[in-house]
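The sequence lines fix the lettering, A, B, ..., with proteins before strands; numbering per chain opens at 1.
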There are 2 protein chains.
Amino acid sequence: MNAAPNLAAIGALIGHPARAVMLEALNDGRAWTANELAMAAAVTAQTASTHLKRLVEGGMLVVEPQGRHRYFRIASSEVAEALEALEVLATRRGARPGLGAVRRDPITQARTCYDHLAGRLGVALTESLVAQRHLGEDDNGYTLTPAGARIMTGLGIDLTAVHQRRRMFARKCLDWSERRHHLGGALGAALTERLFELAWLKHFPRSRAVKVTRQGASGLKELGLALDPSS
Amino acid sequence: MNAAPNLAAIGALIGHPARAVMLEALNDGRAWTANELAMAAAVTAQTASTHLKRLVEGGMLVVEPQGRHRYFRIASSEVAEALEALEVLATRRGARPGLGAVRRDPITQARTCYDHLAGRLGVALTESLVAQRHLGEDDNGYTLTPAGARIMTGLGIDLTAVHQRRRMFARKCLDWSERRHHLGGALGAALTERLFELAWLKHFPRSRAVKVTRQGASGLKELGLALDPSS
DNA sequence: TCCATGCTTCGATCTGGATCGAAGTATCTC
DNA sequence: GAGATACTTCGATCCAGATCGAAGCATGGA
């Protein structure tokens, strides 16, 4: 049994500029309409339609009709993880944020990587949680300390439900813009979701980029969590 | 900063049939010559040459000249992990081994997935190590028990060196042919390498497929490790 | 040194897939 | 019901990239 034909097919799905833009946009974890994706990719509605059809048939996206609108989103966390792995490679070969430069670009500052927080903010929060000993590190990723469990529960996160999800609990996720780790896995997703629910985070319009709200900044400060990575 | 152009470029590298065959072949962890890869992909040497050049420039492969021969191999474990993540997706959408059928295909039986053992054998050994309590499981992957450490050390594996590698120690790696986990990470790689060194495993010629030698079967049996997954 | 082999480069040919104008279908709003 | 909007399908056009024959360069062996 040879996997190469299907590997090539998946690669080809990702390997076209318009489709890559769409996948990137959808990696904010939200659902987008066909029209929004056409505009994001700077193609006509009919071109977007054929691309989206291929992405759905290829298992990368799922579509939900709501009246005249068709909402597309990434099909699974497996798809997101594969895109993430490719992004790490893509950044290694592409232009990378200068080492010394402080980038002000909203995407590198803070963004959602499907369902968890990435960018400078993602790295900062993660490292802060480690420094405060809310997160430990073991051979395979992060662990949650008793103090960390109290913080999460205090924020309203149901840790039992998080443990029961069929994915890694607390993954060390290599951040493509920072080349350091941010918290992924079920815990990273739960924390990020909760911070959005609390309105401590919100999205820039039509973007993966994320900003910390005023109440978020003060809430995170109270927890002793930093908004900038240590140097 | 938008990552889509580079994402599309990486996808396109993988997304061509001849190149996908080459990447698949190289995922056995060995180095192949340009001619061997041309034959694997059923293209002429000149076509292979242009493809290989693109894969090297794209950071997927590295090349080492040895006299007239040029040996290509996968550039890093990050590349291998990205390919693996895509393979999981690719199998989900492609023809999948029938549930009830017992596949005799050497690739699904046992193969190397870059640097660790996969397929039925990889899953069997992993589950056996878990059943014998040589491996534990935690939130993020596998852990090595004291009994497991004795086994590994007894086999000649330097666990200190394994711990120092900059990658996950003992990863739960979803096997694309079995839809169950096999042992990946630095430990999976070290164990597999050692089993080849001991001549307990050997490759089918020019293939990712792996066979257990007679001494391997008896050595593994002595350790109480199964060659077939439990049902 | 000559011949064989491995590999790369060059240039011409071909094709698969992206693209968009036009048209059609479905849903929404007044 | 009419008009607007969202989206899909159809068909013609175009082009980027794959392909291989030919030629050239590098290495190995007799």
- request: Please determine if B:Arg166 and B:Glu78 form a salt bridge, counting it only when a charged side-chain N lies under 4.0 Å from a carboxylate O.
  value: no
field: For B:Ala85, all residues meeting side-chain contact (heavy atoms from CB on, under 4.5 Å), sequence neighbours excluded
entry: A:Ala82
task: For B:Ser218, enumerate each residue passing the side-chain contact (heavy atoms from CB on, under 4.5 Å) test, keeping only those at least two apart in sequence or located in another chain.
output: none
query: Is the NZ or CZ atom of A:Arg111 both under 6.0 Å from the centre of the six-membered ring of A:Trp176 and within 45° of that ring's axis?
result: yes
Without decimals, in angstroms, what is the distance between [X] [atom1] and [N] [atom2]?
X       : N      : atom1 : atom2 : answer
A:Arg68 : C:dT27 : CZ    : P     : 11 Å
B:Met39 : C:dG6  : CE    : P     : 8 Å
B:Leu37 : C:dG6  : CG    : P     : 14 Å
A:Met22 : C:dT19 : CE    : P     : 8 Å
B:Asn35 : C:dT5  : CG    : P     : 11 Å
B:His69 : C:dT8  : NE2   : C1'   : 15 Å

- request: Give a yes or no on whether the ring-centroid distance for A:His203 and A:Phe196 is below 6.0 angstrom.
  value: yes
message: I need a per-nucleotide contact map over nucleotides 8-21 of chain D, read 5' to 3'. Cutoff is protein heavy atoms under 4.0 Å; write B for the base, S for backbone only, - otherwise.
response: BB--------SSBB
task: May I ask you to decide if the ring planes of A:His116 and A:His182 are parallel, tilted or perpendicular, using 30° and 60° as cut-offs?
output: tilted
